[in-house]
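Below: the structure, in structure tokens.
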Amino acid sequence: MKIVAVEAIPFAVPYRKPLRFASGEVHTADHVLVRVHAEDGVVGVAEAPPRPYTYGETQASIRTVIDTVFAPEVVGLSVFERERLHAVLDRTVGNPTAKAALDMAVWDVIGRRLGVGVSELLGGYTDRMRVSHMVGFAPDDVMVAEAQRMRDEHGVTTFKVKVGRRPVSLDTGACRALREALGPDVELYVDGNRGWTAPEAARALDEMADLGLTLSEELMPADQVLGRRWLTARTSVPTVADESATRPGEVTRELLDGAATMISIKTARTGFTGSQRVLHLCEGLGTEVVMGNQIDGQLGTACTVAFGAAHRHTSRRAGELSNYLDMADDLLTEPLRITGGELRVPTGPGLGVDVDPDKLARYRTDT
């Protein structure tokens with residue numbers, strides 16, 4: 001079953017409110033819908049979310065590299081020749097979300113063609129994941145109100161708190177307000193998006209030592225090599241490598257260098273094939289993982305929960321699966337729903353979701 005065409009369709013959906021964190025802020029989901037057409041008429045879909053302040057990709061660059069570099073090379077390959085497909089993609093450096101979306105759309109084609117869910121093809125461990133919700137920069141009372149709303153409306157009890165502001169007391173105070181308002185049974189962890197120096201991060205963790213934080217993610221830049229080792233060695237809070245460890249080689253480096261003790265896996269940047277390689281490496285090294293979020297829409301979130309639920313190792317922790325709620329609308333015909341603090345894997349062949357053609361026509365920006 002050969003690939004006969006690949007589309008990269010830009011679309012823009014506004015967020016209900018700006019999402020703010022140490023590396024930037026976003027007001028609109030300027031994403032790319034990737035569609036892979038197979039010769040028997042089956043079409044697979046995936047979503048590429050550009051993050052120029054993290055990976056250097058833009059909506060325009062994703063479209064260009066797919067249209068002019070990747071598509072001419074992968075058209076004519078069988079969807080089952082995934083190793084050959086990745087040999088083609090790997091000849092071009094960078095462009096992680098463009099590659100990931102192509103990979104996941106191909107998996108969607110395979111699942112639809114075989115009449116099997118992608119999550120089953122990947123491993124089929126469970127049919128759902130617990131949900132972690134990201135709380136972004138805002139006044140303390142606004143952050144607390146958002147977390148309380150997510151707990152009351154969706155049953156979410158795990159929260160990832162964005163940090164990395166200066167002075168550090170802005171964020172340590174916010175985390176303290178969240179703990180006091182939500183109580184001891186709610187899980188809190190922090191993500192700095194590389195915003196602090198090593199001394200600032202150490203001071204922040206010391207100030208929050210009594211808050212029961214379960215993880216700390218990317219509190220400082222990856223190129224502060226000695227500082228990251230020093231910080232990880234001095235804290236009992238597990239250190240998560242995210243944007244500093246996007247490929248197996250980077251994962252190995254961060255873990256063996258002592259710069260991190262856990263890894264965040266994001267299907268938006270490593271697809272299903274690359275994410276499995278990272279996951280199996282972490283399993284071999286005895287390292288825990290968490291399923292991260294790249295401010296994905298519902299299509300991207302469906303990919304994350306499909307992968308996370310498919311494997312025992314990724315399903316242990318709550319996955320970051322709720323950012324799509326910040327979008328004013330989405331492209332899917334049937335919206336995802338978080339109930340009881342969990343998100344189920346959509347049922348049906350492939351990813352189990354379909355793009356609404358009317359919504360795509362409304363939000364696409366190339367017409």
Side-chain angles (χ1 to χ4, degrees), residues 34 36 44 46-49 51 54-55 57 65 70 73-74 77-111 117-126 129 217-218 222 240-257 259-294 296 300 302-317 319-320 345 351:
V34 176
V36 171
E47 176 182 16
R51 295 292 169 256
T54 304
Y55 306 112
E57 291 176 292
V65 77
F70 295 152
E73 294 293 329
V74 303
L77 293 179
S78 166
V79 294
F80 296 103
E81 296 174 328
R82 290 183 296 104
E83 281 295 306
R84 291 187 61 191
L85 183 144
H86 278 276
V88 169
L89 300 184
D90 290 345
R91 289 203 298 261
T92 301
V93 299
N95 300 281
T97 64
K99 295 175 181 177
L102 259 173
D103 174 80
M104 293 187 291
V106 166
W107 275 90
D108 190 30
V109 170
I110 293 171
V118 166
S119 195
E120 294 177 77
L121 291 173
L122 289 167
Y125 181 70
T126 183
M129 286 189 73
E217 179 179 311
E218 296 291 8
V240 181
D242 178 15
E243 53 263 47
S244 64
T246 62
R247 303 187 304 273
E250 293 175 339
V251 170
T252 303
R253 179 199 65 206
E254 290 297 291
L255 294 175
L256 296 189
D257 278 357
T261 54
M262 285 182 60
I263 298 295
S264 175
I265 296 176
K266 292 182 177 177
T267 54
R269 70 173 175 229
T270 41
F272 294 139
T273 303
S275 294
Q276 277 199 322
R277 290 170 179 162
V278 170
L279 170 62
H280 294 157
L281 174 61
C282 290
E283 288 179 321
L285 293 172
T287 300
E288 277 198 83
V289 299
V290 61
M291 291 304 300
N293 189 296
Q294 203 150 295
D296 304 313
C303 291
T304 302
V305 73
F307 185 90
H311 305 92
R312 179 175 55 182
H313 205 56
T314 49
S315 63
R316 288 174 180 165
R317 302 192 63 87
E320 297 165 9
V345 178
L351 292 171

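Because the structure is predicted, anything quoted here is derived from the model rather than measured. Just so you know, residue 1 is the first one in the sequence shown, and it goes up from there.
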Please determine whether side chain to side chain contact (heavy atoms under 4.5 Å, CB included) holds for the pair Thr92 and Asn95, giving the CA-CA distance in whole Å, both sets of side-chain angles, and the decisive distance to 0.1 Å. CA-CA 8 Å; Thr92 301; Asn95 300 281; 3.7 Å; yes
- Task: Could you tell me whether a side-chain N or O of Ser244 sits under 3.5 Å from a main-chain N or O of Ala241, the two making a donor and an acceptor?
- Result: no
Checklist entry - When you measure from the side chain of Glu250 to the backbone N and O of Thr246, does any donor-acceptor pair fall under 3.5 Å? => result yes
Item checked: Thr126-Ser315 side chain donor-acceptor pair, cut-off 3.5 Å -> no
Notebook entry, point to check: Counting N and O atoms only, with roles assigned by atom type, does the side chain of Glu73 sit under 3.5 Å from a partner on the main chain of Phe70, one being a donor and the other an acceptor?
Noted result: no
Between Gln276 and Leu122 (side chain of the first, backbone of the second, donor and acceptor by atom type, cut-off under 3.5 Å), is there such a pair? yes
*Give a yes or no on whether the backbone of Gly94 and the side-chain of Lys99 come within a donor-acceptor separation of less than 3.5 Å.*
yes
In terms of heavy-atom contacts, Ala245 and Val251 come closest through O-CG2, 3.8 Å
Are Asp242 and Arg269 close enough for a salt bridge, meaning some N to O gap below 4.0 Å? yes
- prompt: Between Glu243 and Lys266, is there a side-chain N and carboxylate O pair less than 4.0 Å apart?
  reply: no
Ignoring hydrogens and angles, tell me if any N or O in the side chain of Asp103 forms a donor-acceptor pair with the backbone of Thr273 under 3.5 Å. yes
Count the heavy atoms belonging to other residues, nucleotides or ligands that lie under 6.0 Å from CZ of Arg253, then report whether that count exceeds 12. yes
Exercise answer: donor-acceptor pairs, residues 283-293 side-chain atoms, under 3.5 Å, sequence neighbours excluded:
from, atom 1, to, atom 2, distance (Å)
Asn293, OD1, Ile295, N, 2.5
Asn293, OD1, Asp296, N, 2.9
Asn293, ND2, Glu320, O, 2.8

Test side chain to side chain donor-acceptor pair (under 3.5 Å), reference Thr97, set Glu47, Gln294, Glu57, output is Glu57
Please check if atom CZ in Arg312 has more than 12 non-hydrogen atoms from other residues, nucleotides or ligands closer than 6.0 Å. no
Check your understanding: Going by the angle between their ring planes, with limits at 30° and 60°, are Phe307 and Phe272 parallel, tilted or perpendicular?
Key -> parallel
Q) Between Glu83 and Arg277, is the closest basic N to carboxylate O distance under 4.0 Å? A) yes
